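Keep in mind the model is a prediction, meaning the values are calculated, not measured. FYI, side chains are in, hydrogens and waters are out, and symmetry mates aren't considered; it's all heavy atoms of this structure.
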Amino acid sequence: MNAFSFQPLFAFGFASPWLLMGLLAAGIPILIHLLHKRKFIETEWAAMKFLLAATRKYSRRVRFEQLLILLVRCLILLLLAVAFSRPYWSLQGAFFESAAPVHRILVVDTSFSMRWQGEEEALFEEAREIARSIVSSSRQGDAFQLIQISSASPQKVISRPSRQQTYVLDEISKLQPTQEFGNAGQALQAALEFLGQAQELAQKEVIIISDFQAESWAPQQAEQGNSRILSLMDALSKKATLILKDVGVSEESNLAIVDFNSRSVFATLNQPVRLSVTLHNFGLLNQDAVNLQLYVDQQLVNQKQVDLPANTDTQAEFTHQFTRVGDHRLEVRLADDRLPLDNRRWKVMPVKKEINVLLVNGRRSTEAMGRATDFLELALSPSLQEQPWQGIIKPHVINEGELATTELSLYDAVVICDVALFTDHERDLLKHYVSRGGGLIFSLGEQVNVKNYNQTIFQPGQGLLSLKLLDRRGDARRHTTLFEFDPLQYQHPVIEIFKGNPDAGLETTHIYEYFQTELPDDPNTRLILNYDTNDPAIIEGSLGRGKVVLITTSLDRLWGTWAIWPSFPPMVNELVLYIATGKWGSREARVGQPLEIMTRENQLTLSPQMIAPDQEKYPLRSVLDSEDESRTITFPQTLLSGIYELDWGSAAMENTLYAVNVSSQESNLNHIGPQVIPPQYFRRPEGAQSQLAEVPEERSTQAGLAENLLLTVLALIVVEQLLLWRFSAGALTFLAVMLISGLSLFFLR
């Protein structure tokens, strides 16, 4: 354990400076003296010359006696005012310990990196013991406040200065290491606010006990994060003595699972799912043949040996096939090391039997494959008369006039095909559906009214996408111009399946006509596919929890050959599965992040409760949202990693699962030093150790003067009486009192 401090060698001040206004009382004896000064009238008479001669003989002595008495009375009032203002001076290495109390702010790191287990005890236990020793060795009158470095848990543990040593020790004993990322900047800001309290205590100290884990104290995501921490430490050092106690250990090694995901938010019944695991070796030595295990519903289903090179990410994959519909608990594990918390990671995998898709037809026709939705329906469910479709996607076709009366919440995705016009009511229905997680695809064609789309569907702020439709390009009737797709290096997950597969025909698809679009600078808008003219072909946007996709050409054979090309069936299937994920919502969060659940209409009358990983049950309160006539449930108590189970309180409804994992930022145990924080914060004063080190000689002294001044006042009161009774004895006593008082101040110094 290292202790570093940055503090002055000398300080002088008043603990209660406002009481110095009492110095004005010293003028009262002078005022009384002037008001009671005798006035006389000169009258010449015969014996006057004898009296004047006698007066001249004793006048100097009388004036000296009166001035000395007046001085003593003024000193009594002056010293009382100064004593009540509690003056002090602080000198390192003085002869006596301080009599002035100190305002100390303890900042203890409780982030999950402090769980690292040393040879004898965890880092947190060492930090807590240091905090206890600081409080136990404090003097009577010292005031303490306590802050913990966390993120979601309350950081202000003792928010008001406390002089009760037993209470402070009890609060320190209650501290426990959290599973949260350490927000050091927020803790320093709280300490800076605390310095404004206890104004009567001029001596202030901020003691920070931490492992100074690099990601917490020097965030690498942005320079302004590191700059903020440095500026806060600088502000603290200007207002108080800043002491850093580093309990971190150099060259710590740690293995961690930093990510666990799958390509799809949900799985389908009896279909294999690929699960990707990212591991990291935070150490200087390679780790070979590390055992990685996969658990499904708390049963070990697979394991493999993984080699982990030093300081490197390593990818591993599992494949699993689910045989039951509903939510499944997934967990990957490594063998425990000195920081076991990040050796486990959880994931929730919902499994569906089928995906329900609503196709809205905008062009009626009596001809075979003449409707705008016919080719899309065939691609999603290629049924034959002798062999019905057995796939997971179940399309249902309606005409555009039925959209306003259809219950959209029954469908995982909606595809609009060449619909001419939309009313404001239809737009609002679609916005409500998408914002609650629904997936929506617009495909264009001959029927589309550009003006109506721009005013209703694509209007910025009110529409579903922030863009503008422009003129058509090409001529589908004459085939004068041919356009092909540009996959944009296959970066989007929808077209990733075509990478390295030229026989799929994506780049050789022929398009004869499409709508040009004007894209604003919107971070929620993303290109999936372009034309070879650099115009957008497929555009993705988001609204609330859901996704919106615009296809600027038609999904039939009127505007191109795509509908009959090999790339069409896999492409539209991938698009539908991609946009359908939003309705399931996010099932994962980081420790400290709230879980948000949007209820459906049939859940409005239920009384759900959340069951945490430690089996603690939390009744949930739902908030009625008058705009969408639904309730949003927020659960903020995600302070433990593991699986959270939402019990709806109804036998007819299956419980919903959520996964909460620790932040991988705390897994890197490297800690910072003078190369990040300026050296003066890590400097021991010459000739003395930190004020709060373990041996008494290392304490710096703060000499209190109030008691000395009060004793002087009492002595001067006696001196005043002696001066009035016998001036010579009083004068000698006055000299003795002032000499003794001066010597006592010298020795205290």
Open item on the list: We want to know whether Trp346 and Ser641 form a side-chain donor-acceptor pair, criterion being a heavy-atom distance below 3.5 angstrom.
Closed with: no

- [ ] Tell me, please, which residues at least two apart from Asp170 pass salt bridge (charged side-chain N to carboxylate O under 4.0 Å, His left out).
- [x] Lys174

- [ ] Hey, can you tell me if His328 and Phe322 have their rings parallel, tilted or perpendicular (30° and 60° cut-offs)?
- [x] tilted

TODO: Identify whether the distance between the nearest side-chain nitrogen and carboxylate oxygen of Arg324 and Glu654 falls below 4.0 Å.
DONE: yes

Open item on the list: Test salt bridge (charged side-chain N to carboxylate O under 4.0 Å, His left out) on Glu331 and Arg345; report intermediate values, then the result.
Closed with: CA-CA 6 Å; Glu331 179 189 355; Arg345 206 162 187 90; over 6 Å; no

- [ ] Enter the distance from Ile611:CD1 to Asn655:CG here, rounded to the nearest 0.5 Å.
- [x] 6.5 Å

Task: Value rounded to 0.5 Å, distance of CD1 in Ile147 from CD1 in Ile105 - done: 6.0 Å

- [ ] Determine the minimum heavy-atom distance between Gln155 and Ala187, stating which atoms define it.
- [x] OE1-N, 3.2 Å

Open item on the list: Give me the atom names and distance for the closest heavy-atom approach of Ala580 to Ile355.
Closed with: CB-CG2, 4.2 Å

- [ ] Only counting residues at least two apart or in another chain, list the ones meeting ring pair (Phe, Tyr, Trp, His ring centres under 6.0 Å) with Tyr658.
- [x] none

TODO: Give the minimum heavy-atom separation between Leu294 and Leu300, together with the two atoms involved.
DONE: O-CD1, 3.5 Å

- [ ] Check the pair Asn302 / Gln293 against side-chain hydrogen bond (donor to acceptor under 3.5 Å, both in side chains), numbers first and verdict last.
- [x] CA-CA 6 Å; Asn302 203 345; Gln293 299 176 328; over 6 Å; no

- [ ] Decide yes or no for Glu180 and Ser153: does some side-chain heavy atom of the first lie under 4.5 Å from some side-chain heavy atom of the second?
- [x] yes

Open item on the list: I'd like to check Ile597 versus Leu646 (side-chain heavy atoms, cut-off strictly below 4.5 Å). Are they in contact?
Closed with: yes

- [ ] Over all heavy atoms of both residues, which pair between Val265 and Thr581 is shortest? Give the atoms and the distance, please.
- [x] CG2-CB, 3.6 Å

Open item on the list: Given the ring of Phe124, does Arg115 sit roughly above its face, with NZ or CZ under 6.0 Å from the centre of the six-membered ring and within 45° of the axis?
Closed with: no

Task: Atom pair OG1/CG of Thr178 and Leu341 - distance to nearest 0.5 Å - done: 9.0 Å

Open item on the list: Suppose we screen for ring pair (Phe, Tyr, Trp, His ring centres under 6.0 Å). Which residues come up paired with Phe422, at least two apart in sequence or across chains?
Closed with: Phe442, Tyr453

Task: Neighbour count above 12 (heavy atom, 6.0 Å) for Gln315 CD - done: yes

Task: Contacts of Gln491 that satisfy side-chain hydrogen bond (donor to acceptor under 3.5 Å, both in side chains) - sequence neighbours left out - done: Gln489

Open item on the list: In the structure I gave you, are the side-chain heavy atoms of Arg590 and Val662 within less than 4.5 Å of one another anywhere?
Closed with: no

Open item on the list: Run the side-chain hydrogen bond (donor to acceptor under 3.5 Å, both in side chains) test against Thr110 and tell me which residues pass, sequence neighbours left out.
Closed with: Gln148

TODO: Compare every heavy atom of Leu657 with every heavy atom of Arg587, then report the nearest pair and how far apart it is.
DONE: NH1-O, 3.2 Å

TODO: Would you indicate whether the side-chain heavy atoms of Lys245 and Ile207 approach each other to under 4.5 Å?
DONE: yes

Task: Option passing side-chain hydrogen bond (donor to acceptor under 3.5 Å, both in side chains) with Ser113 (candidates Glu666, Gln665, Gln213) - done: Glu666

TODO: Measure centre to centre between the rings of Phe282 and His280, then say whether the value is under 6.0 Å.
DONE: yes

Task: Minimum-distance pair of heavy atoms, taken over all atoms of Lys353 and Ile392 - done: O-CG2, 3.7 Å

Open item on the list: Quick test of your reading of the model: are Glu193 and Lys156 salt-bridged, counting only N-O distances below 4.0 Å?
Closed with: yes

Task: Salt bridge flag under 4.0 Å for residues Asp647 and Lys617 - done: no

Task: Residues Lys431, Glu426: salt bridge by 4.0 Å N-O rule - done: no

- [ ] Would you mind reporting whether Asp259 and Ser276 have side-chain heavy atoms less than 4.5 Å apart?
- [x] no

Open item on the list: Under the side-chain hydrogen bond (donor to acceptor under 3.5 Å, both in side chains) definition, can you give me all pairs with a residue in residues 181-191, not counting sequence neighbours?
Closed with: Asn183-Gln186

TODO: Could you tell me whether Glu540 and Lys547 have a side-chain N and a carboxylate O separated by less than 4.0 Å?
DONE: no

- [ ] Kindly indicate whether the side chain of Val290, heavy atoms from C-beta on, has any atom under 4.5 Å from the side chain of Asn281.
- [x] no

Open item on the list: One thing to verify: whether Lys347 and Glu588 come together as a salt bridge, which I'm taking to mean a side-chain N less than 4.0 angstrom from a carboxylate O.
Closed with: yes

Open item on the list: Working to the nearest 0.5 angstrom, can you tell me the gap between Phe194 CZ and Arg160 CZ?
Closed with: 9.0 Å

